[in-house]
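Have a look at the structure below before the remarks.
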Amino acid sequence: MSKIIIADNPLNEISIARELLPPSLDAVIAKHGDPEFNAALPNAECLVGFGDGTMDDAFYKRAPKLKLVQLLSAGYDRINIEAARNAGVAVCNNGGANSTAVSEHAIMLMLAVSRSLVWQHANVAGGRWRGNNASEYKLYEMYNKTLGIIGLGTIGKKTAKLARAFGMRVQYYDVTRLSEEHAESIGVRFTLLEELLKTSDIVSLHVPLLAETRHMINAERLKMMKPSAYLINTCRGPVVDETALVEALTNGTIAGAGLDVFEQEPPPPNNPLFPLPNVVLTAHFAGPTWDTQYSRFRNAFDNCQRVARGDKPLWIIPELQA
């Protein structure tokens with residue numbers, strides 16, 4: 001039996017992990033750094049979890065048999081890539097296990113900001129029906145609007161598909177371009193980044209957090225957007241310069257934003273985004289739906305079994321691909 005560690009986390013439904021665990025995998029379930037975790041580390045071949053900032057060179061020396069760090073998330077910004085490379089350990093993301101959940105959440109945020117959903121709910125719940133001055137708020141449809149997707153990976157493609165169902169025009173920017181045939185088959189059009197920002201009614205972010213994507217949406221690029229445009233972020237908070245975003249939302253540079261992620265998580269109680277009337281905020285909950293619990297553990301255990309058989313795992317992060 002192949003020995004693995006499942007790093008327990010409040011976002012994991014361990015009952016589902018136990019339900020799906022194949023009999024060929026001998027799993028220790030423990031929180032990262034707990035005594036049970038540390039005791040299992042020297043013999044573990046695979047580590048399943050969300051990654052941890054303490055996984056440095058010394059960590060991998062304590063795990064000489066480790067072959068795979070299998071993430072339950074799509075993002076891998078908490079991983080020390082150089083330490084994994086030095087140890088010769090593959091790091092793999094979740095293989096798109098949460099792509100449906102995140103793409104649906106992105107569409108939900110688009111609808112919520114376009115229809116001022118939080119304002120509407122507060123009015124009805126507060127006994128004000130349509131508010132004190134309904135003429136101050138304009139509600140918009142998504143039909144016939146232009147969606148700009150930055151980062152057309154698995155989640156970006158699914159978001160594009162859903163947006164097309166709403167009758168939206170979809171354009172994208174990514175450092176990796178689709179062939180014209182592929183782009184046409186899924187109904188998207190490539191644009192330059194600045195062109196996308198200037199011409200999109202809604203901009204949705206779906207990029208990993210890397211050195212080159214940190215604060216890629218800054219004050220200068222926010223000013224390129226239409227005053228009527230909305231920004232949606234379901235990837236990683238630091239992709240957006242939050243201070244610049246607050247200013248843009250306050251002074252009318254853009255119309256609003258839907259955010260599932262923040263520069264600091266959890267955000268401090270005095271975060272200036274909180275009182276703004278033109279934002280919809282969720283707590284980095286786009287990915288961990290109940291359905292995703294099954295798909296991400298299923299993908300994780302499949303990869304562990306591949307490694308146990310001596311096969312190459314799927315979904316190795318780009319930085320570690322040969």
Next item on the list: Among Asn93, Asn12, Asn98, Asp291, find the residue that satisfies the side-chain hydrogen bond (donor to acceptor under 3.5 Å, both in side chains) test when tested with Arg296.
Entry: Asn12
Notebook entry, point to check: Just how far is it from atom OH of Tyr60 to atom CG of Asn86, taken to the nearest 0.5 Å?
Noted result: 10.0 Å
Check: If only atom types and distance count, is the side chain of Arg189 paired as donor or acceptor with the main-chain N or O of Val170 below 3.5 Å?
Finding: no
Next item on the list: Check for a donor-acceptor pair, side chain of Thr234 on one end and backbone N or O of Val102 on the other, with a separation under 3.5 Å.
Entry: no
Note to self: Going by side-chain contact (heavy atoms from CB on, under 4.5 Å), His32 matches just one of Ile5, Asp52, Asn9. Which one?
What the structure shows: Asp52
Next item on the list: Measure from the side-chain N and O atoms of Ser114 to the backbone N and O of Leu111, and report whether any donor-acceptor pair falls under 3.5 Å.
Entry: no
Note to self: Is the shortest side-chain heavy-atom distance between Leu25 and Pro22 below 4.5 Å?
What the structure shows: yes
Checklist line | Within 6.0 Å of CD in Glu212, more than 12 heavy atoms from elsewhere | finding: yes
Next item on the list: Taking the side chain as every heavy atom from C-beta outward, state whether Met110 and Tyr230 have any atom pair closer than 4.5 Å.
Entry: no
Next item on the list: Run the numbers on Tyr76 and Glu319 for side chain to side chain donor-acceptor pair (under 3.5 Å), then give the verdict.
Entry: CA-CA 11 Å; Tyr76 50 91; Glu319 290 83 350; 2.9 Å; yes
Checklist line | Closest non-hydrogen atom pair between Val89 and Leu320, with its separation | finding: O-CD1, 3.9 Å
Note to self: Does atom CD (Glu195) have a neighbourhood of more than 12 heavy atoms from anything else shown, all under 6.0 Å?
What the structure shows: yes
Margin query: Is there a continuous path of hydrophobic side-chain contacts, each under 4.5 Å between heavy atoms, that joins Trp315 to Leu68?
Written below: no
For residues 33-41, dump all side-chain donor-acceptor pairs below 3.5 Å to protein atoms at least two apart in sequence or in another chain.
from, atom 1, to, atom 2, distance (Å)
Asn38, OD1, Arg62, NH2, 2.8
Asn38, ND2, Gly33, O, 3.1

Notebook entry, point to check: side-chain contact (heavy atoms from CB on, under 4.5 Å) between Ile186 and Lys161: does it pass, once the steps are laid out?
Noted result: CA-CA 7 Å; Ile186 63 175; Lys161 182 178 180 180; over 6 Å; no
Margin query: Taking Phe166 as the starting point, is it possible to reach Tyr143 by hopping between hydrophobic residues whose side chains are less than 4.5 Å apart?
Written below: no
Item checked: pair Leu192-Leu196: side-chain heavy atoms closer than 4.5 Å -> no
Note to self: Looking at Glu265, I want to see if its CD is surrounded by more than 12 non-hydrogen atoms of other residues, nucleotides or ligands under 6.0 Å.
What the structure shows: yes
Next item on the list: Please check if the side chain of Asn233 supplies one atom and the backbone of Leu259 the other of a donor-acceptor pair under 3.5 Å.
Entry: no
Margin query: Atom CZ of residue position Arg18 - does it have more than 12 heavy atoms of other residues, nucleotides or ligands inside 6.0 Å?
Written below: no
Margin query: Please check: side-chain N/O of Arg115 versus main-chain N/O of Tyr140, any donor-acceptor pairing under 3.5 Å?
Written below: yes
Margin query: Let me confirm one number: the SG-CD1 distance from Cys92 to Ile316, rounded to the nearest 0.5 Å.
Written below: 5.0 Å
Check: Between the main-chain N or O of Asp241 and the side-chain N or O of Glu263, is there a donor-acceptor pair closer than 3.5 Å?
Finding: no
Notebook entry, point to check: How long is the span from the CG atom in Asp302 to the CZ atom in Phe297, to the nearest 0.5 Å?
Noted result: 14.5 Å
Notebook entry, point to check: Does the side chain of Ile254 reach to within under 4.5 Å of the side chain of Lys226, using non-hydrogen atoms?
Noted result: no
Next item on the list: Consider only side-chain N and O atoms of Ser15 and Glu13, and report whether a donor and an acceptor are under 3.5 Å apart.
Entry: yes
Check: Side chains of Asn43 and Lys3: is there a donor and an acceptor less than 3.5 Å apart?
Finding: no
Item checked: Donor-acceptor contact below 3.5 Å, side chain Gln293 vs main chain Leu11 -> yes
Check: At their closest point, which heavy atom of Thr54 faces which heavy atom of Phe59, and how far apart are they?
Finding: O-CB, 3.8 Å
Check: Which heavy atom in Asn299 sits nearest to a heavy atom in Gly95, and how many Å separate them?
Finding: ND2-O, 3.7 Å
Notebook entry, point to check: Among side-chain atoms of Ser204 and His206, is any donor-acceptor pair under 3.5 angstrom?
Noted result: yes
Margin query: A side-chain contact here means heavy atoms from C-beta on lying under 4.5 Å apart; do Val91 and Val69 qualify?
Written below: yes
Check: Side chains of Thr253 and Glu247: do they bring a donor and an acceptor to under 3.5 Å?
Finding: no
Next item on the list: Quick one: pull up CG in Leu249 and CG in Leu273 and give me the separation to the nearest 0.5 Å.
Entry: 7.0 Å
Next item on the list: Report yes if some heavy atom in the side chain of Leu117 is under 4.5 Å from a heavy atom in the side chain of His121; otherwise report no.
Entry: no
Margin query: Using the rule that Ile, Leu, Val, Met, Phe, Trp and Tyr join whenever any side-chain heavy atoms are under 4.5 Å apart, tell me whether Val113 and Tyr137 fall into a single cluster.
Written below: no
Item checked: Side-chain H-bond candidate by donor/acceptor type, Asn123 with Arg130, under 3.5 Å -> no
Next item on the list: Report whether Leu245 and Phe274 are members of the same hydrophobic cluster (ILVMFWY, side-chain heavy atoms less than 4.5 Å apart, transitive linking).
Entry: yes
Next item on the list: Verify the distance criterion only: is there a donor paired with an acceptor across the side chains of Gln305 and Ser24 at less than 3.5 Å?
Entry: yes
Notebook entry, point to check: Looking only at heavy atoms, which two atoms of Thr282 and Phe262 are closest? And how far apart?
Noted result: O-CE1, 3.5 Å
Checklist line | Asp57 backbone acceptor or donor facing Lys61 side chain under 3.5 Å | finding: no
Next item on the list: Run the numbers on Ile14 and Asp8 for side-chain contact (heavy atoms from CB on, under 4.5 Å), then give the verdict.
Entry: CA-CA 7 Å; Ile14 293 301; Asp8 198 5; 3.3 Å; yes
Notebook entry, point to check: Checking Thr292 side chain against Gly287 main chain: does a donor-acceptor pair fall under 3.5 Å?
Noted result: yes
Next item on the list: Taking the six-membered ring for Trp and the single ring otherwise, decide whether the centroids of Phe190 and Tyr172 are under 6.0 Å apart.
Entry: yes
Checklist line | Glu181 atom CD: more than 12 heavy-atom contacts under 6.0 Å | finding: no
Next item on the list: Give the intermediate values and the outcome of side-chain contact (heavy atoms from CB on, under 4.5 Å) for residues Leu205 and Ile232.
Entry: CA-CA 6 Å; Leu205 305 176; Ile232 307 297; over 6 Å; no
Notebook entry, point to check: So how far is it from Ile202 CD1 to Met168 CE, rounded to the nearest 0.5 Å?
Noted result: 4.0 Å
Note to self: Using every non-hydrogen atom in the two residues, find where Arg236 and Val261 come nearest and quote the distance to one decimal.
What the structure shows: C-CG2, 3.5 Å
Check: Rounded to the nearest 0.5 Å, how far does NZ of Lys145 lie from CG of Leu147?
Finding: 12.5 Å
Note to self: For residues 268-281, which residue pairs pass the side-chain hydrogen bond (donor to acceptor under 3.5 Å, both in side chains) check, not counting sequence neighbours?
What the structure shows: Glu242-Asn271
Margin query: Side-chain heavy atoms nearer than 4.5 Å, only ILVMFWY residues, links allowed to pass through others: does that put Ile4 and Tyr294 together?
Written below: yes
Checklist line | Whether Gln70 side chain and Asn303 backbone form a donor-acceptor pair below 3.5 Å | finding: no
Margin query: Can you give me the closest heavy-atom contact between Met225 and Ala229, atom names plus distance?
Written below: CE-CB, 3.9 Å
Item checked: Residues Gln171, Ser200; criterion side chain to side chain donor-acceptor pair (under 3.5 Å); working and verdict -> CA-CA 8 Å; Gln171 54 189 12; Ser200 297; 2.9 Å; yes
Margin query: The test is side-chain contact (heavy atoms from CB on, under 4.5 Å); show your working for Leu66 and Glu45 and say whether it passes.
Written below: CA-CA 4 Å; Leu66 195 65; Glu45 296 178 30; 5.9 Å; no
